[in-house]
K.L.:
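Below is the structure I would like to discuss, written out as structure tokens.
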Amino acid sequence: MVEALENNILVPQGLIAHGRGECFDYLIGEKTQDFAENAINAAAATLLLAKYPVISVNGNMAALVAKDIVELSNEVNCKIEINLFYRDEKRVKAIKKALENAGAKEVLGDDDLTTIPELFSERRKVSKNGIYIADVVLLGLEDGDRTEALVRLNKKVIAIDLNPLSRTSMTASITIVDNITRALPLLVKKVKELRSKDRIELVEIVKNFDNKRNLAEAIKFISRRLEALSEDLIGH
Ligand code: ATP
């Protein structure tokens, strides 16, 4: 991450967000738990059913999982778009280069932009051939305002966020509460596994997934885990 900061891929605020994530990773035991597996299953089915899926990439994602982003985009034939909270052209270029070095052939987000309503930061700028027309948007380490705006625009949002209490987690259509470094490779694997299923089965998987219930499982897991750890400490 420090290297990404030096290479202009990340801004200092990205390091703070990363630290917040690490804290929640501790709380879930630094492992992909059942609630994350369930969300990954629903996310893979959603991506396979999507008409025009787009992966929204920021500096943290490019620094951590550039190769997996490219692999996922090849597997589900979806676009990759750079979308930054702290947008500046030098950073967009650096991130584009990192994605291209990881094998990306097409990266959107540096030109042909339009704006999405109800957002006032730089992230309201989206690609006309990307997020603007997408039916499904996959994002990670995103802030709540933007997630809410995308959901209001009737996009299905798949979020990867270690914090089950964040506004992004609460408003996304599918929230994968896991570290993006573990979740994205598992998502690629799941897409490969589900590819042979017929549409009806995929629709069934999506229908059976309840995001609020799944988030509640994540919160309950953390709470039970902390209770067990504290009891271990005092020998109960
Ligand atoms: P919100 O606006 O949604 O309430 P926030 O203000 O924390 O949340 P950001 O700082 O933009 O929003 O989001 C960063 C999010 O990414 C945090 O919830 C953090 O827990 C999460 N995060 C950080 N690192 C990782 C990681 N490696 N994998 C998954 N999620 C991560």
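When a ligand or atom number is given, it counts from 1 through the structure's own listing order.
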K.L.:
Hey, is K192 close enough to E71 for a salt bridge, meaning N to O under 4.0 Å?
P.N.:
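Yes.
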K.L.:
Under 3.5 Å between any N/O of R167 and any N/O of ligand 1: does that happen in this structure?
P.N.:
yes
K.L.:
Hey, does L64 come in under 3.5 Å of ligand 1, counting only N/O atoms on both sides?
P.N.:
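Such a contact does not occur with ligand 1.
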K.L.:
What side-chain donor-acceptor pairs closer than 3.5 Å can you find for residues 105-117, not counting sequence neighbours?
P.N.:
| residue | atom | partner | partner atom | Å |
| --- | --- | --- | --- | --- |
| E106 | OE1 | K79 | NZ | 3.1 |
| D110 | OD2 | K96 | NZ | 2.9 |

K.L.:
Examine the proximity of ligand 1 to D178 and report which part, side chain or backbone, both or neither, has a heavy atom under 4.0 Å away.
P.N.:
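The answer is the backbone.
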K.L.:
Using a 4.0 Å cutoff against the non-hydrogen atoms of A17, which atoms of ligand 1 qualify?
P.N.:
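Per the distance check, 10 (O), 14 (C), 19 (C), 23 (C), 24 (N).
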K.L.:
Suppose we measure from atom 16 (O) of ligand 1 to each protein heavy atom; which comes out shortest, and what is that distance?
P.N.:
L141 CA, 3.4 Å
K.L.:
Does any pair with a residue in residues 211-228 pass salt bridge (charged side-chain N to carboxylate O under 4.0 Å, His left out), and if so which ones, sequence neighbours excluded?
P.N.:
D210-R213, E217-K220
K.L.:
Considering all heavy atoms of both residues, which atom of T175 and which atom of A39 are nearest to each other, and what is their separation?
P.N.:
O-CB, 3.2 Å
K.L.:
Please report which non-hydrogen protein atom sits nearest to atom 28 (N) of ligand 1, along with the residue it belongs to and the distance in Å to one decimal place.
P.N.:
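The protein heavy atom lying closest is I180 N, 2.9 Å.
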K.L.:
Of the protein's non-hydrogen atoms, which lies at the shortest distance from atom 3 (O) of ligand 1, and what is that distance?
P.N.:
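The protein heavy atom lying closest is T168 N, 2.9 Å.
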K.L.:
Would you mind telling me which of R91, R87, K93 makes a salt bridge (Lys or Arg N to Asp or Glu O under 4.0 Å) with E89?
P.N.:
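Among R91, R87, K93, the one that satisfies the salt bridge (Lys or Arg N to Asp or Glu O under 4.0 Å) with E89 is R87.
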K.L.:
In the protein, what heavy atom is nearest to atom 11 (O) of ligand 1, and what distance, to one decimal place, separates them?
P.N.:
D143 CB, 3.4 Å
K.L.:
Give the atom numbers and elements of ligand 1 that come within less than 4.0 Å of a heavy atom of G21.
P.N.:
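Ligand 1 atoms under the 4.0 Å threshold to G21: 19 (C), 20 (O), 22 (N), 23 (C), 24 (N).
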K.L.:
Salt bridge check: are E204 and K207 linked by an N-O gap of less than 4.0 Å?
P.N.:
yes
K.L.:
Considering the heavy atoms of G144, write down every atom of ligand 1 situated less than 4.0 Å from one of them.
P.N.:
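Close to G144: 1 (P), 2 (O), 3 (O).
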K.L.:
Quick check: does F24 get an N/O under 3.5 Å from an N/O on ligand 1?
P.N.:
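So ligand 1 has no N or O lying under 3.5 Å from an N or O of F24.
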K.L.:
How about N129 and S127: does a side-chain donor come under 3.5 Å of a side-chain acceptor?
P.N.:
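Side chains of N129 and S127: no pair found under 3.5 Å.
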K.L.:
Spell out, as yes or no, whether a donor-acceptor pair under 3.5 Å connects the side chain of N58 to the backbone of N83.
P.N.:
no
K.L.:
Quick one: nearest non-hydrogen protein atom to atom 27 (N) of ligand 1, plus distance?
P.N.:
N179 OD1, 2.9 Å
K.L.:
Give me the nearest non-hydrogen protein atom to atom 21 (C) of ligand 1 as residue plus atom name, then the distance to 0.1 Å.
P.N.:
D161 OD1, 3.4 Å
K.L.:
Which of the numbered atoms in ligand 1 are under 4.0 angstrom from any heavy atom belonging to N163?
P.N.:
18 (O), 20 (O)
K.L.:
First locate atom CD of Q13, then atom CG of L5, and finally report the distance between them rounded to the nearest 0.5 Å.
P.N.:
9.5 Å
K.L.:
Compare every heavy atom of L162 with every heavy atom of V177, then report the nearest pair and how far apart it is.
P.N.:
CG1-O, 3.4 Å
K.L.:
Using a 4.0 Å heavy-atom cut-off, say whether E22 meets ligand 1 through its side chain, its backbone, both or neither.
P.N.:
neither
K.L.:
May I ask you to identify the nearest protein heavy atom to atom 9 (P) of ligand 1, giving residue, atom name and distance to one decimal place in Å?
P.N.:
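Looking at atom 9 (P) of ligand 1, the protein heavy atom closest to it is R20 NH2, 3.5 Å.
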K.L.:
Testing the basics here: between K190 and A44, what is the closest heavy-atom pair and its distance to 0.1 Å?
P.N.:
CG-CB, 3.6 Å
K.L.:
What is the closest protein heavy atom to atom 8 (O) of ligand 1, and at what distance does it sit?
P.N.:
S166 CB, 3.7 Å
